[in-house]
Amino acid sequence: MIKKSKQKQGLTVLTPENHFRFECRQSLKCYTRCCRDITIVLTPYDILRMKNGLHISSEKFLADYTVTMIGDAGLPVVILRMKDDDEKNCPFVTKHGCMIYQDRPWPCRIYPLQPESTKITETAGKEYYSVMDVPFCLGLQSDRSLTLKDWIKEQGVSVYQQMEAPFKKITTNESVSHNKITNKKIQEMYYMACYDLDRFRRFVLESTFLKRFELEPEAVEKIKEDDVELYHFAMKWLEYGLLGQQGLKIRPEVIKAKKTEVRP
Ligand code: SF4
Ligand code: SF4
């Protein structure tokens, strides 16, 4: 049976209308077996949802549950830290399932699928997935057949795709991916804007930021209260800083002062 489903599902690339077979149930012997010893790369929106679901700050979430590495492009990559027990369990798994189920990260939602993307599919804005080959996952032997489109809807993936778009725009930008960033200050600013949103909010509201950049008062009010607004603003700021896009305006008096500074 396993062999048959492997042959059938293998690494066949799925388009939205294609079917695959899967059903996860608490009664299965493998229940929560998939929530250990795995590498889950977290997106900024994953962290926003998880820290708010846990009612903790981004600083505490990052310190207690993540490790950070520097990726190929020189930018920080945040990974969910498994526990230090024999099985390397996810910190959020219980015998009843995921304790942050409503806010579980994107890879846990899309499982047992994985994205199959290339530069060509990304540029074309198309998404393809394949079914993962996980021998212990009994859900893959289910008779329940569903389309990729239905799975994405059922798992609430769409909002994650929408939220990830501005982040992806930055990370897949040619100038960012080809020119490895080695400047520690840029790495630190990127980490704060992407992942440490509560600290980024303080940076915007409590530093000289608002004296340097022109922001509508309503935008400032939204940033104070709303993490999603803050996240979008953070992406805009990174686009300005890393991609040179003109989404933010420097105050005229700051430009004038700079010009005076450089004059002999
Ligand atoms: S069926 Fe698969 S996804 Fe569900 S608990 Fe078992 S291993 Fe995990
Ligand atoms: S976050 Fe939840 S679903 Fe994802 S690995 Fe941990 S316990 Fe499992």
Side-chain angles (χ1 to χ4, degrees), residues 1-12 14 19-58 60-69 77-115 129-148 150-161 163-164 194-195 197 227:
M1 186 70 172
I2 293 176
K3 200 170 171 207
K4 193 177 165 199
S5 60
K6 264 194 209 165
Q7 280 171 348
K8 190 175 174 190
Q9 296 177 339
L11 278 177
T12 307
L14 302 172
H19 283 74
F20 67 103
R21 290 186 296 136
F22 181 67
E23 185 172 28
C24 178
R25 278 180 284 114
Q26 198 159 356
S27 56
L28 291 172
K29 268 197 189 140
C30 58
Y31 192 61
T32 72
R33 168 72 180 78
C34 48
C35 297
R36 66 174 85 141
D37 201 11
I38 36 169
T39 303
I40 296 180
V41 176
L42 299 172
T43 66
Y45 187 64
D46 284 331
I47 295 179
L48 184 162
R49 288 280 297 259
M50 290 164 92
K51 63 114 182 164
N52 286 345
L54 290 161
H55 305 291
I56 59 176
S57 69
S58 53
K60 184 160 175 56
F61 180 85
L62 290 165
D64 290 356
Y65 299 115
T66 68
V67 282
T68 303
M69 297 165 76
V77 174
V78 176
I79 293 166
L80 184 61
R81 189 169 67 223
M82 297 291 119
K83 276 184 176 171
D84 205 9
D85 56 17
D86 289 346
E87 293 180 326
K88 296 191 173 60
N89 279 299
C90 171
F92 305 117
V93 71
T94 72
K95 63 180 181 187
H96 305 296
C98 177
M99 64 183 259
I100 54 159
Y101 188 77
Q102 294 304 324
D103 298 299
R104 66 200 183 287
W106 183 88
C108 303
R109 288 172 188 267
I110 204 72
Y111 181 93
L113 304 181
Q114 62 189 354
Y129 294 85
S130 66
V131 181
M132 291 169 80
D133 183 10
V134 187
F136 62 76
C137 177
L138 300 173
L140 290 169
Q141 296 179 39
S142 164
D143 288 332
R144 183 185 179 230
S145 171
L146 70 168
T147 62
L148 166 63
D150 288 343
W151 182 244
I152 282 180
K153 194 171 173 201
E154 189 178 301
Q155 294 298 307
V157 174
S158 299
V159 63
Y160 283 76
Q161 290 170 324
M163 288 294 170
E164 207 187 331
C194 289
Y195 306 112
L197 269 188
D227 273 4

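Note that ligands are numbered from 1 as they come in the structure, with each ligand's atoms numbered from 1 the same way.
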Check: What protein heavy atom sits nearest atom 8 (Fe) of ligand 2, and how far away is it?
Finding: C35 SG, 2.4 Å
Note to self: Is C137 close enough to atom 4 (Fe) of ligand 1 that one of its N, O or S atoms comes in under 2.8 Å?
What the structure shows: no
Next item on the list: Measure P105 to ligand 2 on non-hydrogen atoms and call it side chain, backbone, both or neither using the 4.0 Å cut-off.
Entry: side chain
Next item on the list: Over all heavy atoms of both residues, which pair between L42 and I79 is shortest? Give the atoms and the distance, please.
Entry: CD1-C, 4.5 Å
Item checked: Protein residue, atom and distance nearest to atom 4 (Fe) of ligand 2, heavy-atom basis -> C108 SG, 2.3 Å
Note to self: Assess whether a salt bridge exists between K88 and D37, defined as any Lys/Arg side-chain N lying under 4.0 Å from an Asp/Glu carboxylate O.
What the structure shows: no
Notebook entry, point to check: Counting from 1, what ligand 1 atoms have a heavy atom of T32 closer than 4.0 Å?
Noted result: 5 (S)
Checklist line | Shortest protein heavy-atom distance from atom 3 (S) of ligand 1, along with the residue and atom involved | finding: Y111 CE2, 3.2 Å
Check: Among protein heavy atoms, which sits nearest to atom 2 (Fe) of ligand 2, and what does the distance come to when rounded to 0.1 Å?
Finding: C98 SG, 2.4 Å
Next item on the list: Heavy-atom contacts with V93 under 4.0 Å: which atoms of ligand 2 show up? List them by number with element.
Entry: 7 (S)
Check: In terms of ring plane angle, is the pair F20 and F22 parallel, tilted or perpendicular, where the classes change at 30° and 60°?
Finding: parallel
Notebook entry, point to check: Near F92, which atoms of ligand 2 are under 4.0 Å from a heavy atom of that residue?
Noted result: 7 (S)
Next item on the list: Considering non-hydrogen atoms only, spot the tightest contact between M82 and P91 and give its length.
Entry: CA-CD, 4.3 Å
Checklist line | Residue, atom name and distance, where the atom is the protein heavy atom closest to atom 6 (Fe) of ligand 2 | finding: C90 SG, 2.3 Å
Next item on the list: Please could you name the atoms of ligand 1 that G139 approaches to less than 4.0 Å, counting only its heavy atoms?
Entry: 1 (S)
